[in-house]
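Before any comments, here is the structure.
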Amino acid sequence: MPPQDAAAIFALLFGGYDGLDPELVESFTITGLIHILSVSGSHISLVAAAVAGICLLLRLPMACSAVLVTAAIGFYALLAGFVPPVVRAAVMGGLTFLALALGRERDSRHILLLTGLAMLLYSPLLLFHISFDLSFLATAGLLYLAPVFHRWLRARRVPAAISLGLSITLAAQLATLPVLAWYFQRVSIVALLANLVVTPLLDVLILLGLLSGLVALLLPTAGGMLFAGCSLLLGLASEMTRWLAALPFSVAVVPAFPFWAVLLFYLFLFLPALPTEWRGQLAAFLRRESLAAGLFLLGLGTFLAIGHCMASRELTVHFIDAGQGDAALVMTPSGKAVLFDAGGRRTGSFDIGERVTLPYLRHYGVRRLEAVFLTHAHEDHAQGCGAILHALPVGAVYTAGEGRDAYARSMRLGDNDPVLSRLQPVTRGQRFELDGLTIEVLHAPQAAEEGDKRGNEASNVYRLRYGDASFLITGDLTAEGEAGLLACGADVRATVLKVAHHGSRTSTSEAFLQAAHPAYGVICAGRDNSFGHPHAEVVARLQQHEVKILRTDRDGAVVFATDGRRLRISTYREQSLTARLEQSVLYQQTGPVS
């Protein structure tokens, strides 16, 4: 079998992405079929259904069928390696399917809730694990919502086969929508069609692949012929998936739902699944207390509107956890976004821009970037920009003076890629204004100034000012560059310093710290990186200057929010930092900005 076909079938059977064609993965993502590449309750149910169907054809007793179904699920989990997601799916999906097969639909719902509760009691952090969330919610959708949708469609004389497929797909998609929006920021519009047309082929392919493996143990030639059939079936499914993914408006980009919106979404979604008497009692209560309910909704809407208006006056600066690289998102009060560096890796196929920075932007509702400011062309700062330029509208890309070819190589773009036309170098002294935010180019060495040097020596330095708050973005500026910047008389004072070169000892000199006098220092570095960043002497130097240190390798993403006078800080690791680090006036230490 061709290696990519073998990798795809292995992924369909046991999960994973190793060796897969990236175009195929993207097509599966757009069409809402990406869940099939992870072992989940759908795999367990498929195996259980196949075994139960065979038992039905053989007219085996119900008890015998139940034993065989359970054994088949256990054997499949063994083949898949008994990794935690497989065990969760086997326990949750297996018990639920058995209850359904034995005609105990109501019990299956109880089993799902009890199983989920038992798992959370054993490991509470599963609540924040995407595998658990999707498995539980998709199964809940199938048990609670699919029957409601199926009855509604059948009442309108929709054929049973189509009604069942639509009900199952719609129930699973709606039940998992907030989680998909939170993690992936994309919801498939063609998922219904893809599940009706492609999923049956993939179901057959999964069962045929498992059968082929078992047959090949005893009859290698026959197994090989079956695997050849799998390859042909995969080709057909892949072409159909690519065709659906290429349709206009095949996917919608959605921001993450706020917590209150998630609660309201599930409240209204699962109302139709309540028992009839409960719905009647709820309707009667709302009729009796309509005035109180109306006032409550009005008050809730007013509270949310006021909260939104108060938050909208703030500028936010996100130092994204991009591993051993730099990426900072700036969002103005009106929602306009600017990116400083985009992260990246020097080796490997993992694209930080596509897999980390871009999803982060989408998570916060960024649909367009007014500009991207790159400090220099090193991959850990610029490589991720390539994926972003192909995925989002970007006004302009401002660079250091290293030349377009250097950035094309870093972003892994062809020399004639049209997005490169947006690149333009900046010069020292340039200023940009956006919604009250001022961006100053403090340092932009040209090639001639640096003796045609490239790399860290070429790093641009940007200062952001919003009211009394300021942020200094230093890239990988070396101590030599810091000295040159100070010699030019540049005003480098800042509330927040993005510590240069990930905390390397070659940067953040004593003189530069004295001149910048920051209240906070953010170090962007990868956990347990091979460079030893940040170096102990740099950390000690920052501590001597009473700079509060925040690190992406320990804290995750670091977010500053400011109205120009007050500053709030939160991190991915510890949201409660806000209360401990909030200051009433920014420049108690640093003084006003000139």
Side-chain angles (χ1 to χ4, degrees), residues 22-23 26-27 29-30 180-190 245-257 312 315-320 322 325-344 351-375 377 381-400 404 407-408 410-426 430-439 441 460 462 464 473 557:
E23 184 182 346
E26 180 67 11
S27 298
T29 303
I30 291 174
L180 294 173
W182 179 269
Y183 285 105
F184 302 112
Q185 302 81 47
R186 293 194 291 182
V187 175
S188 175
I189 304 300
V190 297
L247 292 175
F249 309 109
S250 58
V251 67
V253 179
V254 293
F257 290 20
S312 67
L315 176 92
T316 55
V317 180
H318 304 242
F319 292 94
I320 302 169
D326 280 12
L329 168 66
V330 180
M331 297 189 69
T332 69
S334 67
K336 294 182 178 178
V338 176
L339 187 67
F340 288 83
D341 286 336
D351 190 332
I352 292 288
E354 180 183 1
R355 303 289 293 276
V356 177
T357 311
L358 181 59
Y360 191 97
L361 301 183
R362 285 175 169 161
H363 180 82
Y364 285 95
V366 176
R367 298 292 172 266
R368 169 187 166 83
L369 287 169
E370 302 303 316
V372 175
F373 291 85
L374 298 176
T375 56
H381 295 254
Q383 182 212 327
C385 189
I388 291 169
L389 289 175
H390 281 110
L392 294 178
V394 178
V397 181
Y398 299 105
T399 69
R404 184 173 296 180
Y407 287 93
S410 179
M411 297 180 198
R412 299 173 186 171
L413 301 177
D415 292 338
N416 297 320
D417 195 307
V419 300
L420 294 174
S421 62
R422 302 178 198 172
L423 273 61
Q424 51 184 292
V426 294
Q430 273 189 273
R431 293 164 61 95
F432 304 86
E433 302 285 343
L434 183 67
D435 280 355
L437 169 68
T438 301
I439 302 171
V441 183
N460 289 349
Y462 305 100
L464 288 59
I473 308 294

Please evaluate residues Ile439 and Leu434 with respect to the criterion side-chain contact (heavy atoms from CB on, under 4.5 Å), reporting the C-alpha separation (whole Å), side-chain torsions for both, the decisive distance (0.1 Å), and the verdict. CA-CA 8 Å; Ile439 302 171; Leu434 183 67; 5.7 Å; no
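In this structure, Tyr398 has no side-chain hydrogen bond (donor to acceptor under 3.5 Å, both in side chains) partners at least two apart in sequence or on a different chain. The salt bridge (charged side-chain N to carboxylate O under 4.0 Å, His left out) search around Arg422 returns none, not counting sequence neighbours. Checked against side-chain hydrogen bond (donor to acceptor under 3.5 Å, both in side chains), Ser250 has no partners two or more places apart in sequence or in another chain. The ring pair (Phe, Tyr, Trp, His ring centres under 6.0 Å) check on His390 picks up nothing, with sequence neighbours excluded. In this view, Ala328 and Phe319, Phe340 satisfy the side chain to side chain contact (heavy atoms under 4.5 Å, CB included) rule, not counting sequence neighbours. A search for side chain to side chain contact (heavy atoms under 4.5 Å, CB included) contacts involving Ser188 returns Val190, Ala191, not counting sequence neighbours. Not a single side chain to side chain contact (heavy atoms under 4.5 Å, CB included) links Ala246 to another residue, sequence neighbours left out. Thr399 is linked by a side chain to side chain contact (heavy atoms under 4.5 Å, CB included) to Leu374, Val397, Tyr407, Leu423, Pro425, counting only residues two or more places apart in sequence or in another chain.
Listed here is the closest heavy atom pair of Ala327 and Ala342: CB-C, 3.8 Å. Of all heavy-atom pairs spanning Gly343 and Ala322, the tightest one is CA-CB, 4.3 Å. Residues Gly384 and Asp351 approach most closely at CA-OD1, 4.2 Å, considering heavy atoms. Gly335 and Met331 make their closest contact through O-CE, 4.2 Å (heavy atoms, listed as atom of the first residue, atom of the second, distance). Across every non-hydrogen atom of Ala382 and Met411, the tightest pair is O-CG, 3.4 Å. Taking both residues in full, the closest heavy atoms of Leu358 and Ala391 are given as CD2-CB, 3.4 Å, listed atom of the first, atom of the second, then distance.
Under the 3.5 Å distance criterion, the side-chain polar atoms of Arg404 are matched with a main-chain donor or acceptor of Leu420. Proximity of a side-chain donor or acceptor of Asp435 to a complementary backbone N or O of Leu437 within less than 3.5 Å is not detected. Between the His381 side chain and the Gly344 main chain, no donor and acceptor come within less than 3.5 Å of each other. At least one donor-acceptor pair closer than 3.5 Å links the side chain of Asp341 to the backbone N or O of Thr375.
Atom-to-atom distance recorded for Asp417:CG and Leu389:CG is 8.5 Å, nearest 0.5 angstrom. Here the straight-line distance linking atom OG of Ser334 with atom CG of Leu315 works out to 10.0 Å at 0.5 Å rounding.
Here the side chains of Val441 and Tyr462 are in contact, with some heavy-atom distance below 4.5 Å. Side-chain contact check for Phe432 versus Val426: some heavy-atom pair is nearer than 4.5 Å.
Counted by atom type alone, Tyr360 and His318 present one or more donor-acceptor pairs between their side chains at under 3.5 Å.
With Val366 as the partner, the side-chain contact (heavy atoms from CB on, under 4.5 Å) test is satisfied by one option alone out of Leu339, Leu361, Ile388: Leu361.
A salt bridge (Lys or Arg N to Asp or Glu O under 4.0 Å) check over residues 325-336, counting only residues at least two apart or in different chains, returns the pairs Asp326-Lys498. Identified under the salt bridge (Lys or Arg N to Asp or Glu O under 4.0 Å) test for residues 360-374, with sequence neighbours left out: Arg368-Glu370.
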